[in-house]
Amino acid sequence: MLPERLEKPYDFRETEERIYKKWEESGYFNPDNLPPRHKEPFSIIMPPPNVTGILHMGHAAMLVIEDIMIRSERMRGKKTLWLPGTDHAAIATQSKVEKILEKEGIRKRDLTRDEFFKRAEQFAQESHDTIVNQVRKMGASVDWSREAFTLDKKRSLAVRTAFKRMYEEGLIYRGNRIVNWDPKGQTTISDDEVEHKETKGKLYTFKYSHDFPIPIATTRPETKIGDTGVAVHPNGKWKEYIGKQFMIKDFVGYELNIKIIADESVDEGFGTGAVGLTPAHSQTDWHIAEKNNLPIKQVINGHAKINSGPLEGKKTLEAREEIVEWLKKNNLFEKEEEMVQNISVAERSGGTIEPLPKLQWFIAVNKEFTKEDGGKTTLKKLMREAVESGAIKIIPERFEKIYYHWIDNLRDWCISRQILYGHQIPVWYCLLSTCTDKEIMYNPQTNRMVVPRSEKIKPIVSIEKPEGCPRCGVKELHQDPDTLDTWFSSGLWTFSTLGWPDKNSLDLKNYHPTSVLETGYDILFFWVARMILMSEYFLGEVPFKTVYLHGLVRDAKGQKMSKSIGNIVDPIDMIAKYGADATRMSLVIGAPAGSDISLSEDKIKGYKHFGNKLWNIARFILLHTEEMGDESGQPATLALKDKEYIAEMENLIRDVTEALASYRFHIAGEALYHYVWHTLADKIIEESKAVFAGDDELLKKSRAQTLGTLLRNSLLMLHPFMPFITEELWSIAQKKDSGETGETNKPKLLIIESWPHQS
RNA sequence: GCGCCCUUAGCUCAAUGGUAGAGCGUUCCCUUCACACGGGAAAGGCCGAAAGUUCGAUCCUUUCAGGGCGCACCA
């Protein structure tokens, strides 16, 4: 007798939604509700998807791998917490909202800060709802009761608390330094958000004036009106001029005052062996200028235009042409050569980065401070040591090298952004003239200080809005209009989600450090490194013990998925067509840690067929056996052949368990796939048909029991990979069981069943 | 420039110090009472090139070629 539900082919559309609901109602996603055998905590905090739209295959891959870990650990008796959330994604969300407003014919400047913020929140909410729905569809066994958002109230308190503490320690400071200015987005961005693109450029060689002895080579003539020095090699061909100062009365109508200085970094072999220094518009030059006390002369403004003099208002490229023309006309031009150069581009907006000096907030990564144990360290050291000591293991290991390399090149992190959507910096200013000696222009409508931002206005850093100015007592204070880099709040993610800054939080005690962080290798620096920094600093412990990095999901030809190529495979479409189980399998098998996954619809379809196969295996087995087998082990009466089958299964259990423990999910998945199809179905079941057609009752009984055990273990181990169909089959097999033994046996959900024993 | 990865079946990719696998595709046979979303059979790979280590290498080492990626203040 076949159970009724097995008579029909497997219908994932009907099943998946029903099963997910059943899991949610069971409460088992929440570790607090797990049965008492679940003691040892196992926690993963989900990398929060950006609330900028919908989930893509990369997110799907992330969800699957994390769910496999959570489900298998839950079955192995761990107290599993998988905490979900979303990220407000500051710049990314803001630019999306701006585009939407643009379509509605609304300009950003027509809205107040609050109005804009409301629109952004509304968009974020809609996007959040879509994402949550998608996460459910994937079958992710996350604890919704603990869901978090990087910009909600609790996280905001964490951010402000963190900011204040770091400020008081001197690790957050406000400084006038060269930043990566994005003229298109009108904001600073961090070094990591800058992409270097190879482009064809020209190297121009010229002299400032006929009296000036040294020719200079440059790719950006427009910046040369901001030159205040020339660097040459201390022992090079120009050394006789070191220390001399030259006044150039007319350089394209500008007056230059150039000092020749020596610097080891000058490459004699490149260009003319002399570098024209533009401290205000080049990171390198800034440092050399600082060492040599050269003045800093800003000539380009935030709109990438010349800010003064005869060329005022000209765009950089226009100014470049005019300067080259002027040089040629005045016989100062020597030559121009084609060359490949790297141009800096803002990752989000695509704008060409203009290095500019600006008054911004930074995190000092090289500044020494005293740890709780009295030892001295820096944030950079904390980040390095966490991995070096082995406290954090990165999988695959090769990314550890990449991580160190990044840390070694790390400079102070600019955290202030001139955008509206995000955590507003918890800093207030008193603008009364008694508290500052500079006049401030302030636009109350936009809550923006127009200019000049000044170091002379003293910041008042506070978690909550201060009652009044601590110096003059005046009530009216103005909050810094800038918001924080989105990675500042996500850096706190592993502990801000667990109750920090409340140090008595039970969740924080139980689940931090988290067990595993699983994410794409593309945000190793952006995010993983920042979490290590924050957790080490604020809690003195690692945020996670293991980092598992997955690759990018690419199309069938290995190309990056993108809208312009039109090769995007949408997880939700695939779930609708082939089911979540099939989609999950396709993202695990053939996808080892750290390497890119190439995905095709055919691959997903293949795993849908596998689901069908599994369904029919269960049909066959349940047709011939009374029960699926239980934990009590093998009866002594098993036939020889059946003992072999059981032994084979035990090997599989060992292999799969080991593969999972070593984070080789693709191996585990493939082993199961291969066993179920090509061993259980093709060999064992085929051979069993003859057994059941025969008349040896003992043999039949032995085989039926064996098949029941094989099915049982297959379902158990496949569950983390294909949770829906396995749970459904489990419930069917259980029902048959309890139907015969009476109704007191409440069927147990597969989700909390015990992982098969290894012998 | 520094560093990392990849090169395996027609395509996209796994695995492994000792007979090489998956998905899709190709050829032939079979509607047999789990499944045609199936079964059976088959074709197809000197595992990028060369040298070395080893009883033995696709796997380890070195060099080379091609491809990809990360980082970087070549003015």
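Naming: A, B, ... by sequence-line order, numbering from 1 per chain. Keep in mind that what you see is a predicted model, and the values were worked out from it rather than measured.
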Going by an N to O cut-off under 4.0 Å, is there a salt bridge joining A/Lys291 and A/Asp263? yes
Starting at atom CZ of A/Phe620, determine the distance to atom C1' of B/G38, rounded to an integer number of angstrom. 14 Å
Quick one: on RNA chain B, does A/Trp615 or A/Ile667 contact a more 5' nucleotide (nearest heavy atom)? A/Ile667
Counting side-chain heavy atoms from C-beta on, which of B/C4, B/G23, B/C37 comes nearest to A/Lys401? B/C4
If each of A/His666 and A/Lys683 is mapped to the nucleotide of RNA chain B with the nearest heavy atom, which maps nearer the 5' terminus, i.e. the 5' end? A/His666
Answer with base, sugar-phosphate or nothing: what part of the nucleic acid does A/Lys613 contact at a heavy-atom distance below 4.0 Å? base
Does B/C37 have a Watson-Crick or wobble mate here (both distances under 3.5 Å), and if so which one? none
Test: ring-ring contact (aromatic ring centres under 6.0 Å, His included). Region: residues 272-292 of chain A. Which pairs qualify, not counting sequence neighbours? none
For the side chain of A/His674, counting heavy atoms from C-beta on, which of B/A14, B/G39, B/A22 is nearest? B/A22
Pick base, sugar-phosphate or nothing for A/Asn612, based on heavy-atom distances below 4.0 Å to the nucleic acid. base
Nucleotides 69-75 of chain B: protein proximity per nucleotide (B base, S sugar-phosphate only, - neither; heavy atom, under 4.0 Å): -BSBBBB
In plain terms, say whether A/Arg177 and A/Glu290 are close enough for a salt bridge, that is, a side-chain N and a carboxylate O under 4.0 Å apart. no
Return yes when atom NZ of A/Lys701 has more than 12 non-hydrogen atoms of other residues, nucleotides or ligands closer than 6.0 Å, and no otherwise. no
Say you pick atom P in B/A51 and the same atom in B/G67; how far apart are they, in whole Å? 24 Å
Of the listed B/A14, B/C24, B/C4, the closest approach to the A/Pro592 side chain comes from B/A14
Over all strands shown, is A/Lys605 touching base, sugar-phosphate only, or nothing at heavy-atom distances under 4.0 angstrom? nothing
For a side chain to side chain contact (heavy atoms under 4.5 Å, CB included) with A/Ser344, tell me which candidate from A/Glu354, A/His196, A/Gln283 qualifies. A/His196
Relative to the ring of A/Tyr10, is the ring of A/Trp615 parallel (under 30°), tilted (30 to 60°) or perpendicular (over 60°)? tilted
Rounded to whole angstrom, note down the P distance from B/A36 over to B/U19. 39 Å
In the structure shown, which nucleotide is the Watson-Crick or G-U wobble counterpart of B/U58, with both distances under 3.5 Å? none
